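Beneath this line is the structure, given in structure tokens, with notes to follow.
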Amino acid sequence: MTKVIFLADRRGGLPAVAPGALPPAGQPALDLRARPLRDLRISVTDRCNFRCTYCMPREVFDSSYSFMPHSALLSFEEIARLASVFTRLGVEKLRLTGGEPLLRKHVENLVSQLAALRTPDGRPLDLTLTTNGSLLARKAEALRQAGLSRVTVSLDALDATMFQDMSDSGFTPDDVLRGVDAAAEAGLAPVKVNMVVRRGLNDGQILPMARRFRHSGHVLRFIEYMDVGNTNGWNMAEVVPSSEVLARIGQEFPLEPVVADAMGRVAERWRYLDGGGEIGLISSVTQAFCGGCTRARLSPEGKLYLCLFAHDGHDLRAPLRDGASDDELAAIIAGIWAARGDNYSELRGRNMADPSRKIEMSYIGG
Ligand code: SAM
Ligand code: SF4
Ligand code: SF4
């Protein structure tokens, strides 16, 4: 039987927002809380070759699940055109994600189109990609040649059995580590390694991961397990607060904070006192950072989402395919961003209109 829960969300549409005024030259678009539009995350596919239990549990994402047909996806040219319009509104950073972005055929061709874009004052964009690493060893060089700046690789465990339990895939931690090495060799550095921590599952891997990535030149980042989507059965008891991660690592390897970063940076940075490098803590649950959230998200079929926890997005594919000019697209996006007030993580558990209708992480990317 075809599953319809999530498809119903995807088909829904938000009411049209009146086109907005473009920001003054050189200024970013601002939302209702004066947050600038700076980052665009582009999900290029809703498919994945892993079935991480917290993201695409196999019971839901099985052979009867309806993934998007290729015809529904934005083409690379359409993505690049939209990205170029977004740069006029303040976007300086692009991240390709998914699903698994390296499953999208010839994704390096998209990377080269995006790498050619410039900010209004002529600067290249920061162009990155988040991947599960399984195909990275064979793709890293082509991605670098195409103009990718850096890469983030997800890795939740070094222990092979634990990795298997969490990713529910046929791959091993060594496959992912080969991808990390290949990325660093290709110059996609520093490589960030993201670990989602779940209490009672992989929290015993915090120290082995810290030991493995100290002095490696890569930056290990610990992510609090989030209540994204409707399929992972999230439970607060499984969240390991970043403060606890920090305390556990600090007992073995003393750390000090790195000075706070610019608005829009979500990771709190700490460095080892002995010069072993840095770690990052992403505390989406215990320390909401909505006040500095400068991210827009574009889904594979061209819907614009204003929050990772949104119920629905604004269709940009229709005006794009109906022949809207760049100025018209920019005005539509400016109007949508101007009306943005999202702050889900600040409200978590309170005032949610319908918490059962959130989009899935594998559709919109992290
Ligand atoms: N497939 C790619 C990957 O795994 O890196 C890109 C997409 S994945 C959705 C992006 C990131 O979201 C990954 O680092 C993943 O670990 C993270 N993620 C997925 N579900 C999550 C959850 N419930 N809580 C926290 N992070 C999550
Ligand atoms: Fe796939 Fe990434 Fe989700 Fe894991 S986290 S199932 S690798 S999209
Ligand atoms: Fe941004 Fe939404 Fe996350 Fe808050 S909950 S930081 S608004 S994506």
Side-chain angles (χ1 to χ4, degrees), residues 31-33 35 37-39 41-58 60-61 67 95-104 107 128-136 151-157 163 166-169 171 176 179-180 191-198 201-202 221-235 238-240 263-267 280 282-285 287-297 300 305-311 340-348 352 358-366:
D31 73 5
L32 287 175
R33 304 177 72 192
R35 295 171 295 188
L37 174 52
R38 287 293 188 203
D39 310 72
R41 302 201 149 205
I42 303 170
S43 175
V44 295
T45 178
D46 59 343
R47 292 166 198 258
C48 189
N49 53 351
F50 282 19
R51 285 291 178 272
C52 301
T53 48
Y54 55 75
C55 178
M56 292 182 83
R58 197 174 287 278
V60 178
F61 295 88
F67 290 100
R95 177 175 294 278
L96 298 180
T97 179
E100 174 46 44
L102 299 187
L103 285 184
R104 181 93 185 247
V107 72
T128 63
L129 177 144
T130 302
T131 172
N132 63 28
S134 59
L135 306 173
L136 188 55
V151 78
T152 298
V153 181
S154 304
L155 177 64
D156 297 330
F163 177 88
M166 289 198 70
S167 68
D168 194 4
S169 74
F171 293 91
V176 179
V180 170
V191 178
K192 290 180 184 157
V193 177
N194 277 358
M195 172 182 179
V196 175
V197 185
R198 286 179 75 176
L201 201 56
N202 66 335
R221 307 187 325 159
F222 298 91
I223 304 181
E224 289 179 350
Y225 176 40
M226 288 185 284
D227 48 337
V228 199
N230 311 301
T231 58
N232 61 15
W234 182 86
N235 176 343
E238 286 184 81
V239 177
V240 179
M263 188 179 197
R265 291 287 178 93
V266 299
I282 301 179
S283 319
S284 341
V285 178
Q287 282 175 279
F289 37 76
C290 301
C293 182
T294 57
R295 294 178 175 178
R297 296 179 154 84
Y305 285 84
L306 302 177
C307 175
L308 190 49
F309 299 90
H311 293 170
R340 174 185 191 244
D342 300 61
N343 62 338
Y344 175 86
S345 285
E346 289 176 352
L347 301 174
R348 182 170 273 107
M352 284 293 295
K358 289 176 291 182
I359 43 168
E360 295 299 329
M361 189 73 133
S362 54
Y363 163 68
I364 202 66

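Not measured: the values here are computed from a predicted model. In listed order, ligands and their atoms are each counted from 1.
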Short list, please: which atoms of ligand 3 are under 4.0 Å from a heavy atom of [X]?
X	answer
Arg297	8 (S)
Phe309	5 (S)
Tyr344	5 (S)
Cys293	1 (Fe), 6 (S), 7 (S), 8 (S)
Phe289	6 (S)
Asp342	7 (S)
Cys290	4 (Fe), 5 (S), 6 (S), 7 (S)
Ser345	5 (S)

Close-contact set for ligand 1 against [X] heavy atoms, below 4.0 Å:
X	answer
Tyr225	23 (N), 24 (N)
Thr97	6 (C), 7 (C)
Glu224	25 (C)
Thr130	2 (C), 5 (O), 6 (C)
Thr131	2 (C), 3 (C), 5 (O)
Glu100	1 (N), 2 (C)

Taking the side chain as C-beta and beyond, is there a heavy-atom pair between [X] and [Y] under 4.5 Å?
X	Y	result
Arg104	Leu96	no
Val153	Val176	yes
Leu201	Met166	yes
Tyr225	Asn235	no
Val44	Pro101	yes
Phe50	Ser134	yes
Ile282	Ser284	yes
Val240	Phe222	no

Problem set entry | Residue-ligand contact Met195/ligand 1, heavy atom below 4.0 Å | no
Could you identify the single nearest non-hydrogen protein atom to [atom] and state the distance to 0.1 Å?
atom	result
atom 16 (O) of ligand 1	Tyr54 OH, 3.0 Å
atom 23 (N) of ligand 1	Met226 O, 3.0 Å
atom 26 (N) of ligand 1	Val196 CG2, 3.4 Å
atom 8 (S) of ligand 1	Gly366 N, 4.4 Å
atom 27 (C) of ligand 1	Met361 CE, 3.4 Å

Are side-chain N/O atoms of [X] and [Y] paired as donor and acceptor at under 3.5 Å?
X	Y	result
Arg297	Thr97	no
Thr130	Asn194	no
Tyr344	Asp227	yes
Tyr54	Asp156	yes
Thr294	Asp39	yes

For this session: Would you check whether Cys55 has a nitrogen or oxygen atom less than 3.5 angstrom from a nitrogen or oxygen atom of ligand 1?
Result: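 For ligand 1, there is no N or O atom that lies under 3.5 Å from one belonging to Cys55.
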Problem set entry | Backbone or side-chain N or O of Asp156 under 3.5 Å from ligand 1 N or O | no
Exercise. Between Arg95 and Thr152, is a side-chain hydrogen bond (donor to acceptor under 3.5 Å, both in side chains) present by the stated rule, with each step listed?
Worked result: CA-CA 10 Å; Arg95 177 175 294 278; Thr152 298; 3.1 Å; yes
Problem set entry | Contact residues of ligand 2, where a non-hydrogen atom lies under 4.0 Å away |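 Its neighbours under 4.0 Å (heavy atoms only) are Cys48, Phe50, Cys52, Cys55, Met56, Gly99, Asn132, given by chain and number.
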For this session: Return the option from Cys52, Gly99, Ser154 holding the heavy atom at the smallest distance from atom 6 (C) of ligand 1.
Result: Gly99
Exercise. Can you check whether Tyr363 and Tyr305 have ring centres sitting under 6.0 Å from each other?
Worked result: yes
Problem set entry | Test side chain to side chain donor-acceptor pair (under 3.5 Å) applied to Thr131 - qualifying residues, sequence neighbours left out | Glu100
Problem set entry | Salt-bridge criterion met for Asp31 and Arg340 (N-O under 4.0 Å) | yes
